[in-house]
Amino acid sequence: MDPEFRALIRAGDEGAFAVLFRRHGTAVYNHCFRLTGDWTAAEDCASFTFLEAWRLRAKADPWGGSLLPWLLGIATNVVHHRRRTARRHQRLLARLPAPELVPDFADEVVGRLEDQERVTEVLRVLDELPRADREVLALCVWAGLDYNAAARALGVPVGTVRSRLSRARRRLDRLAGGKPLPGREPPPVRRQMTDDRGSAVRPTGGQQR
């Protein structure tokens with residue numbers, strides 16, 4: 001990503017932010033969905049991510065390359081904040097009678113519900129991992145960031161990402177009954193990330209261009 005575009009982002013140019021959203025909106029949404037397992041929550045979190053990016057525009061990733069790791073770092077924090085708020089909300093709702101459920105039989109939502117159920121099942125296992133392990137798995141295995149990009153997104157050293165990912169894989173293998181987590185080990189070399197055009201419920205495969 002050229003320095004001129006980064007300068008426009010930091011200056012708050014609306015046209016540049018529109019380009020940023022077109023380039024990375026899908027990747028941010030998919031990352032939020034993988035962390036939440038809920039389509040509506042993912043939409044909300046993706047929207048808040050770009051609002052936060054606008055608020056933090058003066059601090060846009062200064063290292064060069066793609067701004068996707070910077071955006072995914074913001075998205076990770078947005079989801080974490082939402083999870084804490086949701087837990088407080090659920091404790092309040094637990095005191096109220098359960099509402100009557102109204103089923104939705106629209107054909108167009110069936111696929112979305114099936115995807116959500118699959119991701120929810122994965123998240124059920126992931127919820128037993130520490131937050132740091134969940135985040136590094138989401139960034140490296142699902143979003144396909146390499147070690148350097150994930151370190152930038154989380155604001156930690158590269159060695160920390162490596163150790164967290166190794167630890168998370170071991171723990172997840174035990175929780176999943178010895179079945180390895182689908183996905184791939186991120187390459188050690190630093191490369192530019194541009195977008196996430198795959199399915200939101202599948203790990204990123206192959207090198208992104």
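Positions are given from 1, in the same order as the sequence printed here. Heavy atoms only: backbone and side chains are in, while hydrogens, waters and symmetry mates are out.
Checked by atom type, the side-chain pair S166/R170 shows a donor-acceptor distance below 3.5 Å.
The two residues A46 and C32 have their closest heavy-atom pair at N-SG, 3.8 Å. L8 and A16 get closest at one heavy-atom pair: CB-CB, 3.7 Å. The shortest non-hydrogen separation linking Y147 to R162 is CE1-NH1, 3.5 Å. Minimum interatomic distance between R83 and L35 (heavy atoms only, all atoms of both residues): NH1-O, 3.6 Å. A pairwise comparison of heavy atoms in S66 and R6 identifies O-NH2, 3.7 Å as the closest pair. Minimum interatomic distance between D133 and A168 (heavy atoms only, all atoms of both residues): CB-CB, 3.7 Å.
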**Request:** Test V156 against R164 for side-chain contact (heavy atoms from CB on, under 4.5 Å), laying out the working first.
**Result:** CA-CA 11 Å; V156 299; R164 285 182 184 177; 4.1 Å; yes

**Asked** Can you check side-chain contact (heavy atoms from CB on, under 4.5 Å) on F33 and D38, steps first, answer last?
**Response** CA-CA 6 Å; F33 176 64; D38 183 276; 5.6 Å; no

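Exactly one of L72, T76, V78, N77 qualifies for a side chain to side chain contact (heavy atoms under 4.5 Å, CB included) with T49. That residue is V78. Evaluated for a ring pair (Phe, Tyr, Trp, His ring centres under 6.0 Å) with F21, the options Y29, F50, W54 yield exactly one hit, F50.
Under the 4.5 Å side-chain heavy-atom criterion for Ile, Leu, Val, Met, Phe, Trp and Tyr, L67 and I74 are members of the same hydrophobic cluster. Grouping the Ile, Leu, Val, Met, Phe, Trp and Tyr side chains by contacts below 4.5 angstrom, directly or via other members, places V161 with V141.
Atom CZ of F48 sits in a sparse spot, with 12 or fewer heavy atoms from other residues, nucleotides or ligands closer than 6.0 Å.
Note that CG of L71 is 5.0 Å distant from CG of L20, once rounded to the nearest 0.5 Å. To the nearest 0.5 Å, atom NE2 of residue H80 and atom CD of residue E135 are 7.0 Å apart.
Between P130 and R167, the closest side-chain pair of non-hydrogen atoms is not below 4.5 Å. At least one side-chain heavy atom of H31 sits under 4.5 Å from a side-chain heavy atom of L139. The side-chain heavy atoms of L51 and R55, taken from C-beta on, include no pair separated by under 4.5 Å.
Between the side chain of R34 and the main chain of W142, a donor-acceptor pair closer than 3.5 Å is present. Checking side-chain atoms of R134 against main-chain N and O of L129 turns up a donor-acceptor pair under 3.5 Å.
Taking the ring centre of F5 as origin, the terminal cationic atom of R23 falls inside the region bounded by 6.0 Å and 45° from the ring axis.
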